[in-house]
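One structure below.
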Amino acid sequence: MRKVYIVGASLLKVDEQWGHSIDSLVSQVVDGLAEVRPWKIDSIYVANALGEILQNQANLGAIVAEDIGLAGVPALRVEAGGASGAAALVSGYQAILSGLADTVLVIGVEKLSDATPEEAVFLPSLSERYDLVGFQGVTESALAAMMYRMYLERYELPQEMVAQFPVIMHEHASRAPHAQYQFKTTLDNVLSSPVVSPPLRRLETTAPADGAAALILSSSDALPTIQHEQVVELAGAASSTDIVFPFDREDPLKLSAATRAFFEALARAGLSREQVKVLEIHDSYSILANLILESIGYSEEGASGVDAKNGMFDYGGKVVINAFGGLKARGHPLGATGVYQAAEIFLQLTGRAGACQVDGAKYGAMISLSGLGSAAYALVMKEG
Amino acid sequence: MRKVYIVGASLLKVDEQWGHSIDSLVSQVVDGLAEVRPWKIDSIYVANALGEILQNQANLGAIVAEDIGLAGVPALRVEAGGASGAAALVSGYQAILSGLADTVLVIGVEKLSDATPEEAVFLPSLSERYDLVGFQGVTESALAAMMYRMYLERYELPQEMVAQFPVIMHEHASRAPHAQYQFKTTLDNVLSSPVVSPPLRRLETTAPADGAAALILSSSDALPTIQHEQVVELAGAASSTDIVFPFDREDPLKLSAATRAFFEALARAGLSREQVKVLEIHDSYSILANLILESIGYSEEGASGVDAKNGMFDYGGKVVINAFGGLKARGHPLGATGVYQAAEIFLQLTGRAGACQVDGAKYGAMISLSGLGSAAYALVMKEG
Amino acid sequence: MHAVFRPPVNWRHRRFRYKLVVWRCLNCGAVHHYATSICRRCRSNRIDEDKLPDRARLITYTVVKNPPIAFEKQAPYIVGLVEFEDGTKLVAGITDCDPEELKPGTELERVVRKIAEDGESGLIVYGYKFRPAITRGR
Amino acid sequence: MHAVFRPPVNWRHRRFRYKLVVWRCLNCGAVHHYATSICRRCRSNRIDEDKLPDRARLITYTVVKNPPIAFEKQAPYIVGLVEFEDGTKLVAGITDCDPEELKPGTELERVVRKIAEDGESGLIVYGYKFRPAITRGR
Ligand SMILES: [Zn+2]
Ligand SMILES: [Zn+2]
């Protein structure tokens with residue numbers, strides 16, 4: 001089987017980009033891939049979740065292909081809610097393994113700042129079962145809050161064991177120039193920020209963000225023909241789904257799609273979890289950091305909070321999570337987020353992570369979720 | 001390279017299905033695949049264009065996987081406007097060729113009847129460049145009307161040379177139990193139906209439709225393990241994009257994405273155009289029938305109308321187009337349409353097309369477009 | 001702003017929203033809130049209409065402080081996870097009480113109430129909510 | 001119904017919509033209606049702001065009889081394909097005339113007019129349209 005490499009990555013600062021349209025963001029982020037030459041792309045995958053609603057724009061495969069001067073190249077939009085970016089990456093990985101493409105461009109782009117505040121609360125519900133949950137006014141953050149409460153009660157934990165994760169994320173983001181929120185915060189700040197849905201606080205969630213990120217993938221066959229700096233091997237990729245309504249699952253506190261995707265991707269890469277030193281996780285709500293870390297075996301059930309407090313997931317620990325601040329602090333431009341995660345691992349494994357660099361990281365992995373774990377995507381990368 | 005087969009197909013009557021949700025339609029159409037056994041699916045591709053807007057439902061990969069009892073299986077939504085169904089098929093074809101999947105389920109589903117009349121006029125604009133075209137109140141049908149006028153003027157043709165295509169489509173659909181509009185019509189009826197945008201008339205366009213269609217693909221490796229009736233080989237698939245705004249193209253009357261996709265798919269299948277005896281084309285507007293037939297070389301420029309009048313595209317002619325009525329009369333449930341086209345070719349090549357059967361057809365092809373040709377997908381199939 | 005309520009959708013789901021009419025799998029018992037031909041759990045075709053009971057127990061709850069579209073006038077409001085005798089779970093608005101009155105295990109009964117109001121179109125949507133049980137029996 | 005006009009989007013595109021300010025590729029001449037770093041035709045990075053002329057020629061036109069959202073009050077209305085001196089083509093509303101007055105080649109001039117009105121929010125959107133030229137010169 002041939003191998004798949006990431007030969008270039010580009011990302012924009014996550015921000016509210018009032019002056020820029022999707023087209024503008026796409027052109028900027030692709031301009032950042034100039035070091036890769038020649039510019040021969042066989043296929044384009046565009047990840048975007050809400051452009052149809054917020055920008056009246058569907059058909060983003062063709063739109064984006066033209067925006068970047070590649071009208072003619074096959075191009076497609078994929079959507080899997082908050083995991084759209086990771087889903088586009090997996091699609092690109094498959095396209096190369098199929099032999100039908102040698103070079104693939106994956107672009108994630110999202111502009112959430114065009115939403116009104118009420119829409120910003122409403123739109124995440126689109127990834128849940130709307131006719132069962134959303135129509136009752138039960139927001140996705142309300143679902144997350146109920147999972148949070150269940151978690152604290154089952155393991156008899158103080159809220160700190162969940163609420164500390166945003167503190168770690170903001171600390172990381174304070175060194176990341178492309179992060180949306182580069183300020184540091186404290187546990188006190190988190191726990192005194194406004195209540196969204198008890199026990200969930202404002203500083204445990206994300207806010208509307210615009211962003212774009214892009215990667216170029218190449219087959220091992222085409223690699224010698226491409227001028228590039230360093231490369232990273234995309235050594236394994238996998239995905240899985242789960243029952244959509246979290247409380248219909250056998251255990252609402254186990255993200256079994258994440259478990260399946262992560263171990264399958266690791267197995268394809270021929271790696272063990274212990275070898276992974278940089279890990280990007282999908283912390284759209286603080287509680288998801290706990291649930292993911294426990295679902296993919298880094299912590300025992302209910303123990304991720306204590307492990308985090310002991311520094312296990314920070315610089316000097318077993319694995320560094322969200323070295324650039326994760327969804328919480330780097331920001332969560334929905335459909336683009338998975339591409340940001342992958343671009344960040346690329347920066348780490350090529351030693352270009354700047355003040356966020358994790359020393360000696362040879363292997364990295366990412367977990368991306370749609371909704372509250374109804375789909376999970378995992379990618380595993382190796383130093384090139 | 002291993003081969004890809006279609007081992008089962010199912011489709012619902014295209015209709016306004018007021019009583020059924022997307023979940024209902026999906027469960028019904030998959031129930032129609034019962035003859036394929038065992039039910040082991042490695043990956044699911046869902047094609048849908050407007051569920052986020054009309055049903056408040058994104059994340060349809062995970063939603064559909066659960067709806068059909070396959071929570072856990074990797075699942076993804078793809079969107080390429082009116083070509084979403086074909087795009088999902090190409091994605092599934094790639095997944096099998098990549099070796100990562102042996103059996104793939106492709107489902108197209110769309111519910112347009114939830115739209116208001118003004119939305120139904122507006123929503124096709126989402127596949128055009130909204131900030132350049134749609135915001136000016138220029139609907140997609142107005143763009144099509146201007147292409148239509150340009151075509152009649154350039155080749156100095158009477159409108160009949162375009163407007164006869166809907167007559168052929170309704171004739172075909174009158175024998176197709178799953179068609180939305182099974183009535184026959186006449187050229188007089190077409191030309192006296194209400195003007196949408198001159199010269200385009202109501203009976204030259206499509207109307208809101210709900211529908212779902214599904215196919216199971218299998219690798220040649222897995223085929224012996226699957227219990228099925230007849231199979232069809234998915235022998236070639238390709239896609240291309242074009243400049244989105246039709247009048248920015250070198251020639252607005254040439255659908256160059258269709259040309260590229262069609263000949264690439266034929267080449268992969270090792271077939272010539274002359275061998276194809278059943279052809280499904282994307283006639284969302286009558287004029288697109290002319291432009292497609294000329295762009296893929298069945299007619300000289302400006303001559304598709306005369307060729308049609310001479311019976312070239314009907315039973316007994318060189319190739320039968322849209323044997324079940326095409327988008328015009330079978331109906332156009334946007335994101336599902338490409339899957340309908342493929343399912344119909346499957347029925348033809350397995351001799352199960354009933355009163356619509358084209359005798360002796362060994363090879364079939366389809367062309368599916370997003371917008372007015374900004375993306376094109378072509379698939380070529382061989383008798384199994 | 002985005003349209004969250006559409007008359008055809010409300011009509012389609014009216015029996016579920018007013019009376020909790022569901023489609024139950026006769027093989028595994030799984031409940032569907034939409035008409036289906038195939039069980040989402042066991043793929044059985046043996047599905048029949050059923051109605052969820054009028055009573056349920058509260059498992060957990062929270063409060064929505066920042067309302068989504070069409071719920072602006074209701075906020076803040078309580079939403080809860082409820083469980084029926086057969087194990088089926090739903091989320092729903094919890095009404096006619098303060099959060100302090102609620103705890104896991106609280107007996108609830110179904111009522112039909114205004115769920116939301118689309119400010120621009122003026123469309124009002126009704127459906128099930130739950131309140132602490134005040135009538136007798138289960 | 002779906003929201004077709006949003007204030008931030010109108011603001012973002014104001015210079016294009018009011019004055020036809022565009023971004024032109026200095027290498028191949030291609031015009032972009034959005035700020036860009038890369039030419040959609042030749043991938044050059046040499047892009048600069050420009051303004052399309054106030055005059056254009058009509059290539060072809062049609063009439064929108066069934067209006068989309070926010071154009072209900074305008075229908076029926078003429079829309080045309082126009083071409084500027086540099087070859088750039090746009091579609092736009094054609095105003096202040098009857099369809100009978102129009103033919104390919106008709107000289108047009110840009111005006112700023114109400115484009116649409118979002119019935120529910122009351123938001124009114126202005127922007128360029130074209131009318132048969134009544135002022136002199138080109
Ligand atoms: Zn069952
Ligand atoms: Zn240029």
Side-chain angles (χ1 to χ4, degrees), chain B residues 50 52-54 56 114-126 128-154 193-202 205 207 241 243-250 252-253 287 372, chain D residues 1-6 9-10 12-13 16-17 22 30-34 40-41 58-83 87-94 99 103-104 113-119 125-130:
Chain B
L50 297 174
E52 293 186 55
I53 292 174
L54 293 173
N56 292 317
D114 287 340
T116 64
E118 291 78 15
E119 279 180 312
V121 174
F122 160 76
L123 290 170
S125 306
L126 269 59
E128 306 303 325
R129 282 189 176 273
Y130 188 77
D131 293 337
L132 191 68
V133 175
F135 94 99
Q136 272 277 356
V138 180
T139 57
E140 194 183 59
S141 48
L143 288 181
M146 289 190 278
M147 292 164 84
Y148 193 163
R149 178 166 282 176
M150 201 173 266
Y151 180 84
L152 295 181
E153 285 173 2
R154 181 187 297 179
S193 64
V195 173
V196 173
S197 280
L200 189 72
R201 300 265 175 174
R202 176 69 53 82
T205 66
T241 54
I243 290 165
V244 178
F245 180 50
F247 300 105
D248 247 0
R249 298 173 195 158
E250 201 171 290
L253 302 183
I287 180 66
L372 295 163
Chain D
M1 290 213 310
H2 187 68
V4 290
F5 291 115
R6 291 168 182 277
V9 180
N10 294 344
R12 185 154 70 230
H13 294 297
F16 173 66
R17 291 190 183 175
V22 293
V31 158
H32 307 75
H33 62 284
Y34 52 89
R40 66 192 171 100
R41 284 304 144 74
L58 186 70
I59 299 181
T60 189
Y61 70 95
T62 187
V63 177
V64 176
K65 303 247 183 188
N66 303 95
I69 309 174
F71 291 84
E72 292 89 344
K73 290 186 188 169
Q74 326 267 354
Y77 54 90
I78 309 172
V79 297
L81 175 67
V82 309
E83 181 173 13
T88 299
K89 297 183 187 71
L90 284 184
V91 284
I94 308 291
K103 58 177 197 300
R113 290 292 161 83
K114 178 167 92 174
I115 287 186
E117 192 173 343
D118 194 322
V125 176
Y126 295 89
Y128 62 85
K129 288 192 182 182
F130 285 85

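Numbered from 1 within each chain, the chains take letters A, B, ... in sequence-line order.
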Report yes if some heavy atom in the side chain of [X] is under 4.5 Å from a heavy atom in the side chain of [Y]; otherwise report no.
{"X": "D:Thr60", "Y": "B:Met147", "value": "no"}
{"X": "D:Tyr34", "Y": "B:Arg129", "value": "yes"}
{"X": "B:Glu118", "Y": "D:Phe71", "value": "no"}
{"X": "D:Phe16", "Y": "B:Leu132", "value": "yes"}
{"X": "D:Val64", "Y": "B:Val138", "value": "no"}
{"X": "D:Ile59", "Y": "B:Met146", "value": "no"}
{"X": "B:Asp248", "Y": "D:Arg41", "value": "yes"}
{"X": "D:Lys65", "Y": "B:Val196", "value": "no"}

Inset, instruction - Give the minimum heavy-atom separation between B:Asp131 and D:His13, together with the two atoms involved. - result: OD2-NE2, 3.0 Å

Legend entry - Closest non-hydrogen atom pair, D:Val63 against B:Ser197: O-OG, 2.6 Å

[X] versus chain B, heavy atoms under 4.5 Å apart: side chain, backbone, both or neither?
{"X": "D:Ala116", "answer": "neither"}
{"X": "D:Tyr77", "answer": "side chain"}
{"X": "D:Val9", "answer": "side chain"}
{"X": "D:Leu81", "answer": "both"}

Legend entry - Plane angle bin for B:Phe135 and D:Tyr128 - parallel if under 30°, tilted between 30 and 60°, otherwise perpendicular: perpendicular

Inset, instruction - Show your working on side chain to side chain contact (heavy atoms under 4.5 Å, CB included) between B:Gln136 and D:Leu90 and close with a plain yes or no. - result: CA-CA 10 Å; B:Gln136 272 277 356; D:Leu90 284 184; over 6 Å; no

Inset, instruction - Look at D:Lys89, D:Lys129, D:Arg40 and state which one has the largest set of heavy-atom pairs under 4.5 Å with chain B. - result: D:Lys89

Inset, instruction - Rounded to the nearest 0.5 Å, what's the gap from CD1 on D:Ile69 to OG1 on B:Thr116? Could you check? - result: 5.5 Å

Inset, instruction - Identify, with sequence neighbours excluded, every residue that meets salt bridge (charged side-chain N to carboxylate O under 4.0 Å, His left out) alongside B:Arg249. - result: B:Asp242

Inset, instruction - Measure B:Leu200 against the heavy atoms of chain D and call it side chain, backbone, both or neither at under 4.5 Å. - result: neither

Legend entry - D:Lys73 atom NZ, over 12 foreign heavy atoms within 6.0 Å: no

